[in-house]
Undergrad: 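Quick one: the structure is below, questions incoming.
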Amino acid sequence: MARKLNWRVILQVLGFAVLFESVLLLLPMLVALIHKETAMVRALGITIAGFLLSRVQPRKKNHFARDGLTAVGLIWLVLSAAGAIPFWISGEIPSYVDSFFCRQLL
């Protein structure tokens, strides 16, 4: 019988990764505040709000390799998606898809 994924553990790990990214985005937000770039401050503030996933409490604390592999794959996708938001909202890169794949239009 196949064991189900422990989604609560996966979401909690994902939340901690987003929380770590949010802490790293505090420095760019401070620089944007100093230079009075309000659009970028708003965009970074929206990205920082994603840490709520870390508040998920798993029912069972045990996790297996399958849960870890799923969490790592989702972390790559979610951090890329969250990292693209500030560039898109600020208008530096007009398309979300271009900001997700780091394609800047010249």
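Everything numeric in this text was worked out from a predicted model, so none of it was measured.
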Undergrad: Looking at CG of L19 and CD of Q12, how far apart are the two atoms once the value is rounded to the nearest 0.5 Å?
TA: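 Between L19 CG and Q12 CD, I get 11.0 Å after rounding to 0.5 Å.
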Undergrad: Considering all heavy atoms of both residues, which atom of A82 and which atom of P86 are nearest to each other, and what is their separation?
TA: O-CD, 3.3 Å
Undergrad: Could you grab the distance from atom CD of E37 to atom CD of E92, nearest 0.5 Å is fine?
TA: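 Atom-to-atom, E37:CD and E92:CD are 7.5 Å apart.
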Undergrad: Other members of the hydrophobic cluster containing L24, with the 4.5 Å side-chain heavy-atom rule, please.
TA: F20
Undergrad: Could you report the tightest heavy-atom contact between L79 and A17, atom names first, then the distance?
TA: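 Minimum heavy-atom separation between L79 and A17: CD2-O, 3.9 Å.
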Undergrad: Could you tell me whether the side chain of Y96 and the main chain of A81 form a donor-acceptor pair under 3.5 Å?
TA: yes
Undergrad: About how many Å separate CD1 of I85 and OG of S80, when rounded to the nearest 0.5 Å?
TA: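 S80 atom OG to I85 atom CD1 measures 11.5 Å (nearest 0.5 Å).
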Undergrad: Under 3.5 Å, side chain of D98 to main-chain N/O of S95, donor-acceptor pair present?
TA: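 Side chain of D98 to backbone of S95: no pair is present.
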Undergrad: Just jot down the side-chain contact (heavy atoms from CB on, under 4.5 Å) partners of L74, sequence neighbours excluded, or say none.
TA: W7, I10, L14, T70
Undergrad: Following the transitive rule for hydrophobic clusters with a side-chain heavy-atom cut-off under 4.5 Å over Ile, Leu, Val, Met, Phe, Trp and Tyr, establish whether L69 and V13 coincide in one cluster.
TA: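 No; V13 is not reachable from L69 via cluster members.
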Undergrad: Transitively linked via ILVMFWY side-chain contacts under 4.5 Å: L77 with F16?
TA: no
Undergrad: For S99 and I93, which heavy atoms make the closest approach, and how far apart are they?
TA: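 So the two residues come closest at N-CG2, 3.7 Å.
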Undergrad: If you link ILVMFWY side chains whenever their heavy atoms are less than 4.5 Å apart, which other residues fall into the same cluster as W76? By chain and number, please.
TA: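 For the cluster that includes W76, the remaining residues are V72.
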